[in-house]
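Everything numeric here is computed off the predicted structure, so don't read it as measured data.
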Amino acid sequence: MCSLLNQTKKIENEKNLERDQLIELETHFLKIDTNHKFQSEEIAVLSTLQQRRFFAKGKLHGTITNIQRVARGEQARTFTQQLRNKKSKKGK
């Protein structure tokens with residue numbers, strides 16, 4: 001009878017130990033799952049920001065190109081006008 005009681009206590013102790021280990025593993029895996037969730041959210045936010053940056057960079061590039069085109073056109077018209085003025089002065 002004593003042997004049976006000792007075996008029962010031994011099994012109970014093993015059960016308690018395994019339950020504690022199970023709880024520890026569950027909390028560990030919960031932390032890992034939470035960490036993966038945060039990483040996924042961060043990646044999504046960074047991806048959105050990268051898309052916005054790419055779009056803004058394209059818009060900025062287009063705007064800068066248009067400004068340069070206008071400025072160079074103005075410079076060319078001024079230069080052409082100066083050449084015309086010189087030719088008209090030589091012809092007189």
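For H61, the side chain to side chain contact (heavy atoms under 4.5 Å, CB included) partners are T65, not counting sequence neighbours.
Residues L22 and E18 fail the side-chain proximity criterion, which asks for heavy atoms closer than 4.5 Å. Taking 4.5 Å as the limit, some side-chain heavy atom of L49 sits within range of a side-chain heavy atom of V45. K31 places none of its side-chain heavy atoms less than 4.5 Å from the side chain of N35.
For the atom pair Q82 CD and R84 CZ, the distance stands at 12.0 Å (nearest 0.5 Å). Here the CD-CD1 distance, from Q39 to I32, works out to 10.5 Å after rounding to the nearest 0.5 Å. Distance check: N13 CG to L17 CG gives 8.5 Å after rounding to the nearest 0.5 Å. Here the CZ atom belonging to R69 is positioned 13.5 Å from the CD1 atom belonging to I64, to the nearest 0.5 angstrom.
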Stepwise salt bridge (charged side-chain N to carboxylate O under 4.0 Å, His left out) test for K9 and E12: CA-CA 5 Å; K9 285 185 180 184; E12 291 255 341; over 6 Å; no
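Looking at every heavy atom in both residues, R19 comes nearest to N16 through NH2-OD1, 2.8 Å.
No continuous path of ILVMFWY side-chain contacts below 4.5 Å connects I23 to F29, so the two sit in separate hydrophobic clusters.
Dense packing is recorded around CD of E41, with more than 12 heavy atoms of other residues, nucleotides or ligands lying under 6.0 Å away. Within a 6.0 Å radius of CD in E14, other residues, nucleotides and ligands contribute more than 12 heavy atoms.
Although no hydrogens or angles enter the test, the distance criterion places no donor-acceptor pair under 3.5 Å between the side chain of S47 and the main chain of I43.
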